[in-house]
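Note that the coordinates shown come from a computational prediction; the quantities given were computed from them, not determined experimentally. A, B, ... follow the sequence lines: proteins, then strands. Residue 1 opens every chain.
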There are 2 protein chains.
Amino acid sequence: MKRSNLQLTTECRRVSTILSRIGDKWTILVVRELGGGSKRFSEIKRGLGSISQKMLTTTLRALERDGFVNRTVFPTVPPRVDYELTPLGHDLLKPVRTLSEWALTNAERIEKAQRKFDASADRRAAA
Amino acid sequence: MKRSNLQLTTECRRVSTILSRIGDKWTILVVRELGGGSKRFSEIKRGLGSISQKMLTTTLRALERDGFVNRTVFPTVPPRVDYELTPLGHDLLKPVRTLSEWALTNAERIEKAQRKFDASADRRAAA
DNA sequence: CTGCATCCCTGTTGATACTG
DNA sequence: CAGTATCAACAGGGATGCAG
């Protein structure tokens, strides 16, 4: 092993952190909404439908903090706020798409495994 | 738009579900532990250090249910249980590696964005 | 229109103790 | 050694009301 286990763990934590961000409930959906270009708050909200104001704000703030999204405030009345992916955000989309495609391709296999697992769990519970 | 929005949403949910699994606190770390080959429960636990017994069990069960991991019980005394990646599990490793590499490559950029964001947040708080 | 503050409920996580 | 059970602590997430 060339790199120490500690270093590998640190790397893994970094990866885990990013995976947690993109694996959370709304991030992917929001990023996809923005994939087509700049949108304002209420447009994103409408596009997702079921998200609460609070969670959309929270998600967008996290994305902004990570440098994936730019936030632009127009000091008009009523106020208007636009969000768009940064270059880093667009870049993130690539590996995410790879994973997404894998997920779609293999969803069937996974669901089949789940059904099988649940079936034997039921059998055991019934015994 | 060829596919209905509803269909796209369904696909997204599937992707989201899988991303949630691999984005959770321990999954990636456990999968990496098993990347090198079969290991028993306590070996994995030792390899991770900070994980609790309960969470390791939970994580392994979820991976088993999704068909990513095989669980083999040796009815010896004391008992021995081995875990190993299934072909599907190994397959999952590929897109995850892509994302991991991206994450490591761009960790610097992300952390820089975070520092910048936090700094302006502090400035605003101080005002 | 955007978004912060608050309350509250829920699921998740972890520490501890116990069993086959 | 591997796993379950229980309980306490905490974070995620939604509803509502207020503010710039």
Side-chain angles (χ1 to χ4, degrees), chain A residues 13 16-17 19-30 33-34 38-66 69-84 117 120-121 124-125 127, chain B residues 13 16-17 19-30 33-34 38-66 69-84 117-118 120-127:
Chain A
R13 245 192 280 279
S16 250
T17 304
L19 283 172
S20 297
R21 163 100 330 116
I22 68 170
D24 85 353
K25 198 171 178 182
W26 298 109
T27 299
I28 288 284
L29 295 167
V30 170
E33 277 295 310
L34 293 175
S38 172
K39 281 198 181 185
R40 51 189 302 186
F41 188 88
S42 47
E43 285 176 322
I44 303 171
K45 182 154 172 25
R46 229 174 302 123
L48 296 176
S50 55
I51 193 173
S52 70
Q53 224 171 26
K54 177 186 172 181
M55 288 319 297
L56 182 52
T57 303
T58 305
T59 303
L60 285 168
R61 279 295 175 287
L63 287 170
E64 190 194 356
R65 178 171 183 275
D66 289 347
V69 159
N70 265 146
R71 179 170 178 271
T72 314
V73 181
F74 299 91
T76 57
V77 177
R80 167 193 177 135
V81 184
D82 278 15
Y83 294 90
E84 64 178 341
F117 182 94
S120 17
R124 248 174 279 120
Chain B
R13 246 191 281 279
S16 253
T17 303
L19 284 173
S20 297
R21 160 98 334 113
I22 66 171
D24 86 352
K25 198 170 178 184
W26 299 108
T27 298
I28 288 283
L29 296 166
V30 170
E33 278 296 310
L34 292 175
S38 172
K39 281 198 180 185
R40 51 190 302 186
F41 188 89
S42 48
E43 285 177 321
I44 304 171
K45 182 152 173 26
R46 228 174 303 122
L48 296 177
S50 55
I51 193 171
S52 70
Q53 223 171 25
K54 178 185 171 182
M55 287 319 295
L56 181 53
T57 302
T58 304
T59 303
L60 285 168
R61 280 293 179 288
L63 286 170
E64 190 194 356
R65 181 172 118 91
D66 288 348
V69 159
N70 265 146
R71 179 172 178 269
T72 313
V73 181
F74 299 91
T76 56
V77 177
R80 167 193 178 130
V81 183
D82 278 14
Y83 294 89
E84 63 178 342
F117 182 94
D118 293 344
S120 15
D122 284 351
R123 245 179 284 126
R124 249 175 278 119

**Item:** Interatomic distance, Lys25(B) NZ vs dT12(C) C1' [rounded to whole Å]
**Value:** 10 Å
**Complete:** Sorted by chain and residue number, the side chain to side chain contact (heavy atoms under 4.5 Å, CB included) partners of Val77(A) (sequence neighbours excluded) come out as none
**Asked** Considering residues at least two apart in sequence or located in another chain, which fulfil the side chain to side chain contact (heavy atoms under 4.5 Å, CB included) criterion with Thr76(A)?
**Response** Phe74(A), Arg80(A)
**Item:** salt bridge (Lys or Arg N to Asp or Glu O under 4.0 Å) partners of residues 47-63 of chain B, not counting sequence neighbours, each pair once
**Value:** none
**Complete:** All heavy atoms of Ile28(A) vs all of Ile22(A), minimum pair found to be CG1-O, 3.1 Å
**Message:** So if I apply the side chain to side chain contact (heavy atoms under 4.5 Å, CB included) rule between Leu60(A) and each of Leu56(A), Thr58(A), Thr57(A), which one comes out positive?
**Reply:** Leu56(A)
**Prompt:** Nucleotide range of DNA chain D contacted by chain A, 5' to 3', under 4.0 Å to a heavy atom?
**Reply:** dG13(D) to dG20(D)
**Message:** If you compare every side-chain N and O of Trp26(B) against the phosphate oxygens of dT12(C) (OP1, OP2), does one of them come in below 4.0 Å?
**Reply:** no
**Request:** Starting at NZ of Lys39(A), measure out to CG of Asp82(A) and round the result to the nearest 0.5 Å.
**Result:** 11.5 Å
**Prompt:** Between the two ends of the helix from dC1(C)-dG20(D) to dG20(C)-dC1(D), what is the bend in degrees, rounded to 10 degrees, where each end axis spans five pairs?
**Reply:** 40°
**Asked** Does anything in residues 19-29 of chain B pair up under salt bridge (Lys or Arg N to Asp or Glu O under 4.0 Å), and if so which pairs, sequence neighbours excluded?
**Response** Arg21(B)-Asp66(B)
**Fill in**
Heavy-atom closest pair (Ser20(B) atom, Gly23(A) atom, distance to 0.1 Å) is OG-O, 3.2 Å
Listing, residues 40-47 of chain A side-chain donor-acceptor contacts under 3.5 Å, not counting sequence neighbours, or none:
from: Glu43(A); atom 1: OE1; to: Arg40(A); atom 2: N; distance (Å): 2.8
from: Lys45(A); atom 1: NZ; to: Ile51(A); atom 2: O; distance (Å): 3.0

**Fill in**
Between CE of Met55(A) and C1' of dG11(C) the distance, given in whole Å, is 14 Å
Under-3.5 Å N/O pairs linking protein and nucleotides 1-4 of chain C:
from: dC1(C); atom 1: O3'; to: Arg40(A); atom 2: NH2; distance (Å): 2.9
from: dT2(C); atom 1: OP1; to: Arg40(A); atom 2: NE; distance (Å): 2.9
from: dT2(C); atom 1: OP1; to: Arg40(A); atom 2: NH2; distance (Å): 3.2
from: dT2(C); atom 1: OP2; to: Ser42(A); atom 2: N; distance (Å): 3.0
from: dT2(C); atom 1: OP2; to: Ser42(A); atom 2: OG; distance (Å): 2.6
from: dG3(C); atom 1: OP1; to: Arg71(A); atom 2: NE; distance (Å): 3.0
from: dG3(C); atom 1: OP1; to: Arg71(A); atom 2: NH2; distance (Å): 2.4
from: dG3(C); atom 1: OP1; to: Tyr83(A); atom 2: OH; distance (Å): 3.1
from: dG3(C); atom 1: OP2; to: Tyr83(A); atom 2: OH; distance (Å): 3.0
from: dG3(C); atom 1: N7; to: Gln53(A); atom 2: OE1; distance (Å): 3.4
from: dG3(C); atom 1: N7; to: Gln53(A); atom 2: NE2; distance (Å): 3.3
from: dC4(C); atom 1: OP1; to: Arg61(A); atom 2: NH2; distance (Å): 3.0

**Request:** Identify the two heavy atoms, one from Arg71(B) and one from Tyr83(B), that lie closest to each other, and give their separation to 0.1 Å.
**Result:** NE-OH, 3.3 Å
